[in-house]
Amino acid sequence: MNESPDPLLDLLHLLDLEQIERDIFRGESRSALVPRVFGGQVAAQALVAAGRTVPADRGAHSLHSYFLRAGDPGAPIVYTVDRIRDGKSFTTRRVVAVQHGQPIFHLSASFQTHEEGMEHQAPMPAAPDPETLPTAAEMLPRYADRFSDPGVVDRLIEAREAVDLRYVDAPPFGTVGEAREPRSQVWFRTNGKLADDPLLHVCMATYVSDMTLLDSVLLAHGRGGWAVGDVVGASLDHAMWFHRPFRADEWLLYDQESPSASGGRGLGQARIYTADGRLAITVIQEGVVRVPRA
């Protein structure tokens with residue numbers, strides 16, 4: 001288990017990149033549940049790098065990214081930022097993450113000055129009060145018998161120590177062998193307060209957004225996931241649109257579904273709402289999702 005007295009502080013340190021040149025940054029890496037760098041970490045770090053080259057009055061409104069190679073958790077990651085455009089209202093940045101001389105991740109991000117405009121949104125779906133749902137530490141031990149590796153539960157809990165993530169219904173590994181509607185809901189917030197920097201909250205949501213988005217793909221086929229071992233896969237691309245201000249240290253509802261799976265790939269799409277019903281973020285991700293060969 002993680003012996004750090006403050007896992008959230010550890011995560012904030014992970015996202016606090018070292019600037020080594022004007023548009024070049026270096027980030028630490030750490031292992032995930034699988035022997036590669038967690039995709040949400042790379043995406044969040046790349047957005048940090050992009051955001052640090054943008055005026056503070058321009059907030060991130062979208063990102064589009066591709067995962068190119070598995071990251072090595074034992075090596076730092078270098079992020080190079082290209083200043084593609086600085087317009088009157090919009091700023092565009094391109095970021096390439098490099099390890100061992102090869103690109104592992106590519107991100108394009110756009111930032112915008114605040115504007116008033118037309119307003120409408122999809123309504124927030126029904127969901128129970130997050131305070132009534134079990135925490136990861138309460139929920140995960142119930143499914144210990146689903147994992148061949150007895151250490152998986154501890155590693156899953158450790159991976160969620162900085163973020164309070166609560167499933168509305170049983171996760172994929174809770175109903176292995178039972179095909180369900182390809183929909184999943186989780187509530188999440190950081191386990192502690194964050195500074196008021198809007199970029200920090202956007203980057204933290206980016207980090208969390210890669211944790212559960214492909215769950216709905218697994219649910220449609222009764223698969224338990226990577227930790228169970230009945231599928232293998234990885235994120236291919238990840239896109240996010242940031243619609244309205246939010247705080248990642250306050251409850252956010254992650255409403256996820258999968259409209260399609262084919263060709264060894266699965267698509268997840270989601271909306272993230274604030275607790276008072278404002279649509280804050282839209283997320284779409286495609287990943288490799290394969291049944292292991294005998």
Side-chain angles (χ1 to χ4, degrees), residues 4 6-32 35-114 162 190 194-210 234-242 248 281 283 285:
S4 168
D6 192 340
L8 179 57
L9 191 60
D10 287 348
L11 178 54
L12 292 172
H13 177 72
L14 192 71
L15 299 182
D16 187 17
L17 305 182
E18 174 191 4
Q19 185 167 5
I20 56 179
E21 288 289 348
R22 178 173 181 260
D23 293 329
I24 302 176
F25 302 83
R26 180 165 51 208
E28 297 180 3
S29 300
R30 68 180 181 190
S31 59
R36 58 177 179 262
V37 176
F38 171 51
Q41 173 201 310
V42 183
Q45 287 180 329
L47 189 57
V48 169
R52 288 190 177 175
T53 70
V54 175
D57 64 344
R58 300 192 174 203
H61 76 85
S62 70
L63 67 84
H64 302 264
S65 61
Y66 283 92
F67 297 90
L68 306 176
R69 293 178 175 86
D72 175 5
I77 305 173
V78 174
Y79 296 90
T80 302
V81 181
D82 289 336
R83 301 182 182 231
I84 301 299
R85 180 176 183 267
D86 289 291
K88 292 182 179 180
S89 300
F90 292 89
T91 294
T92 306
R93 295 293 185 260
R94 180 174 61 206
V95 183
V96 178
V98 177
Q99 271 190 327
H100 306 303
Q102 292 186 312
I104 65 168
F105 179 80
H106 174 277
L107 174 139
S108 294
S110 185
F111 301 77
Q112 181 190 14
T113 57
H114 174 74
T190 57
L194 300 175
D196 291 336
D197 179 7
L199 179 63
L200 174 61
H201 291 264
V202 166
C203 292
M204 193 64 71
T206 300
Y207 178 88
V208 179
S209 69
D210 192 39
S235 301
L236 288 171
D237 57 15
H238 196 85
M240 302 180 73
W241 292 263
F242 305 100
I281 311 169
V283 192
Q285 181 183 80

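When atom types are taken as modelled, the side chain of S108 and the backbone of H64 share no donor-acceptor pair closer than 3.5 angstrom. Judged by distance alone, with hydrogens and angles left aside, the side-chain atoms of S29 form a donor-acceptor pair with the main-chain N or O of A75 at under 3.5 Å. Q99 places a side-chain N or O within donor-acceptor distance of the main-chain N or O of D72, the cut-off being under 3.5 Å. The main-chain N or O of D23 is never found under 3.5 Å from a side-chain atom of E21 such that the two would form a donor-acceptor pair.
For the ring-ring contact (aromatic ring centres under 6.0 Å, His included) condition, the pairs that include at least one residue of residues 70-100, sequence neighbours left out, are H61-F90. Residue pairs meeting the salt bridge (charged side-chain N to carboxylate O under 4.0 Å, His left out) criterion with at least one partner in residues 88-113, sequence neighbours excluded, are D82-R94, D86-R93.
Not counting sequence neighbours, the partners of I20 by the side-chain contact (heavy atoms from CB on, under 4.5 Å) test are E18, I24, R26. Under the salt bridge (Lys or Arg N to Asp or Glu O under 4.0 Å) criterion, D16 pairs with R52, not counting sequence neighbours. The side chain to side chain donor-acceptor pair (under 3.5 Å) search around D57 returns none, not counting sequence neighbours. For E28, the side chain to side chain donor-acceptor pair (under 3.5 Å) criterion is met by H13, not counting sequence neighbours.
Atom CG of L63 and atom OG1 of T206 lie 5.5 Å apart (nearest 0.5 Å). Considering CG of L14 and CG of L9, their distance stands at 11.5 Å, rounded to 0.5 Å. The structure places OG of S89 at 6.5 Å from CZ of R58, a figure rounded to the nearest 0.5 Å. Considering CG of L47 and CZ of F242, their distance stands at 6.0 Å, rounded to 0.5 Å. Rounding to the nearest 0.5 Å places NE2 of H201 at 5.0 Å from CG of L194. To the nearest 0.5 Å, atom CH2 of residue W241 and atom CD1 of residue I281 are 12.0 Å apart.
The shortest heavy-atom contact between A97 and I77 is CB-CG2, 3.7 Å. Residues A43 and F105 come closest through the heavy atom pair CA-CZ, 3.6 Å. The two residues R69 and P103 make their nearest non-hydrogen contact at NH1-O, 2.7 Å. Scanning all heavy atoms of the two residues, the minimum distance from V283 to S209 falls at CG1-CB, 4.5 Å. Shortest non-hydrogen contact noted between M240 and A205 is CE-O, 4.1 Å. I104 and A70 make their closest contact through CG2-O, 4.4 Å (heavy atoms, listed as atom of the first residue, atom of the second, distance).
Residues L107 and V42 have side chains not in contact (no heavy-atom distance under 4.5 Å, counting atoms from C-beta outward). When side chains are defined from C-beta on, L12 counts as touching M204, because their heavy atoms get closer than 4.5 Å. Contact of the V48 side chain with the Y207 side chain is not registered, since no non-hydrogen atoms from C-beta on lie closer than 4.5 Å. Under the 4.5 Å side-chain criterion, counting only non-hydrogen atoms from C-beta, C203 is in contact with L199.
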